[in-house]
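Inspection log for the structure reproduced underneath, given as structure tokens.
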Amino acid sequence: MRSRAAEWFETKIRYEKTMEDGLQKKVTEAYVLDALSFTEAEETIISEMSSYISGEFTVTDIKKASYKEVFFSDNPRDDKWYKAKLQFIILDEKSGKEKLTAVNYLVQGNTFQNAVQNLETVMNTGMQDWKIASVTETTLMDVFEHDGTKHVSKPKEDDRPEYEDAAAQETAEASL
């Protein structure tokens with residue numbers, strides 16, 4: 001299991017899917033992805049889905065997701081996503097009373113029991129007291145992580161900042 005904390009967005013796309021019987025049917029599918037803005041989320045889902053969908057599709061919804069972290073399973077059979085609401089037990093220093101703080105997570109598993117087991121595996125590595133408030137299966141199809149290498153352009157050999165070009169030109173003019 002590995003976890004990733006990021007700014008998560010839930011997106012929905014609508015397209016015509018070829019069903020097992022060969023008929024075309026309009027479907028709407030939900031995906032979660034890591035992005036810095038709504039614009040980047042839309043660009044990412046279009047880019048990711050273009051390789052899977054032949055034909056036109058529309059991004060019908062983008063909203064910020066409430067997940068603090070996403071827990072990815074290393075098991076290829078874990079193909080479902082579960083929303084887990086955990087309550088952390090925090091001691092209020094002023095009043096001396098225990099306070100519960102709810103946090104949402106997204107965890108991968110192939111069954112409900114497997115998702116809970118995966119969640120416990122990750123959470124038991126910490127030292128904070130917590131309890132599971134709820135775990136529900138989602139309709140999410142997949143989760144896409146941000147790939148920082150996609151938007152990085154490699155500099156050209158002669159690529160210098162403009163101020164260096166201007167300084168070199170001034171030096172050449174001054175030596176004349």
Side-chain angles (χ1 to χ4, degrees), residues 1-15 17 27-54 56-93 98-155:
M1 293 292 302
R2 64 184 174 83
S3 68
R4 172 134 181 184
E7 186 74 36
W8 298 102
F9 288 84
E10 286 188 25
T11 62
K12 291 185 180 178
I13 61 166
R14 185 161 178 78
Y15 68 100
K17 183 176 187 176
V27 295
T28 301
E29 295 179 342
Y31 296 87
V32 168
L33 50 94
D34 170 14
L36 299 173
S37 66
F38 286 92
T39 305
E40 185 181 8
E42 182 177 24
E43 178 186 336
T44 302
I45 195 65
I46 289 170
S47 172
E48 291 287 347
M49 297 313 296
S50 293
S51 58
Y52 296 110
I53 298 173
S54 61
E56 294 183 18
F57 63 92
T58 323
V59 179
T60 59
D61 188 27
I62 300 175
K63 63 183 177 183
K64 283 191 175 187
S66 62
Y67 310 120
K68 181 177 180 185
E69 284 184 72
V70 174
F71 301 134
F72 295 91
S73 174
D74 299 325
N75 187 341
R77 291 182 302 153
D78 293 347
D79 60 349
K80 296 178 186 171
W81 292 95
Y82 294 83
K83 180 179 180 178
K85 183 177 183 179
L86 301 184
Q87 292 180 328
F88 290 91
I89 303 164
I90 300 170
L91 184 63
D92 186 357
E93 293 180 15
E98 287 186 351
K99 183 174 128 181
L100 296 177
T101 303
V103 179
N104 292 320
Y105 294 92
L106 194 60
V107 62
Q108 196 172 18
N110 62 351
T111 63
F112 176 84
Q113 291 82 8
N114 179 248
V116 170
Q117 181 182 8
N118 288 344
L119 181 63
E120 289 175 341
T121 300
V122 174
M123 296 308 296
N124 284 335
T125 60
M127 296 192 42
Q128 195 168 10
D129 292 332
W130 57 277
K131 64 181 181 179
I132 297 175
S134 67
V135 176
T136 55
E137 186 176 344
T138 68
T139 58
L140 296 173
M141 299 299 288
D142 206 353
V143 174
F144 297 109
E145 293 181 83
H146 180 73
D147 182 7
T149 61
K150 285 184 182 177
H151 302 290
V152 176
S153 60
K154 294 181 181 178

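Using a 4.5 Å heavy-atom threshold, the side chains of Gln117 and Asn114 count as touching. Proximity of Asp34 to Val70: side-chain heavy atoms (C-beta onward) are nowhere separated by under 4.5 Å. No side-chain heavy atom of Asp78 sits less than 4.5 Å from a side-chain heavy atom of Phe72. Counting heavy atoms from C-beta outward, Gln108 and Asn75 have side chains that stay 4.5 Å or more apart. With a 4.5 Å cut-off on side-chain heavy atoms, Trp130 and Asn124 count as touching. For the pair Met1 and Val107, the minimum side-chain heavy-atom distance is below 4.5 Å. Contact annotation: the side chain of Glu56 never approaches that of Tyr15 to less than 4.5 Å [non-hydrogen atoms, C-beta and beyond].
What you find for Ala65 and Glu10 is that their closest heavy atoms are CB-CG, 3.8 Å. Closest approach of Thr28 to Lys12, counting heavy atoms only: CG2-CB, 4.0 Å. Summarising the geometry of Met49 relative to Tyr31, their closest heavy-atom pair is CE-OH, 3.1 Å, with the distance given to 0.1 Å. The two atoms that bring Ile45 and Phe144 nearest to each other are CD1-CE1, 4.0 Å, heavy atoms only. Of all the heavy atoms in Leu91 and Glu98, the pair that sits closest is CD1-N, 4.3 Å. The two residues Ile13 and Thr60 make their nearest non-hydrogen contact at N-OG1, 4.2 Å.
Using a distance-only test at 3.5 Å, with no hydrogens or angles considered, a donor-acceptor pair links the side chain of Thr44 to the main chain of Glu40.
Glu145 CD to Trp8 CH2: the interatomic distance, rounded to the nearest 0.5 Å, is 5.5 Å. Here the CG atom belonging to Leu86 is positioned 11.5 Å from the CG atom belonging to Leu100, to the nearest 0.5 angstrom. In this structure, the separation between OG1 on Thr111 and NZ on Lys80 is 7.5 Å, given to the nearest 0.5 Å. The distance from the OG1 atom of Thr11 to the CE atom of Met141 is 12.0 Å, given to the nearest 0.5 Å. Put simply, CZ on Arg4 and CG on Leu106 are 13.5 Å apart, with the number rounded to the nearest 0.5 Å. Atom CZ of Phe88 is separated from atom NZ of Lys99 by 14.0 Å, given to the nearest 0.5 angstrom.
Applying the side chain to side chain donor-acceptor pair (under 3.5 Å) test to every pair with at least one member in residues 81-93, sequence neighbours left out, gives these pairs: Asp92-Ser95.
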Handout entry: side-chain contact (heavy atoms from CB on, under 4.5 Å) evaluation trace for Val32 with Tyr67
Key = CA-CA 10 Å; Val32 168; Tyr67 310 120; 4.0 Å; yes
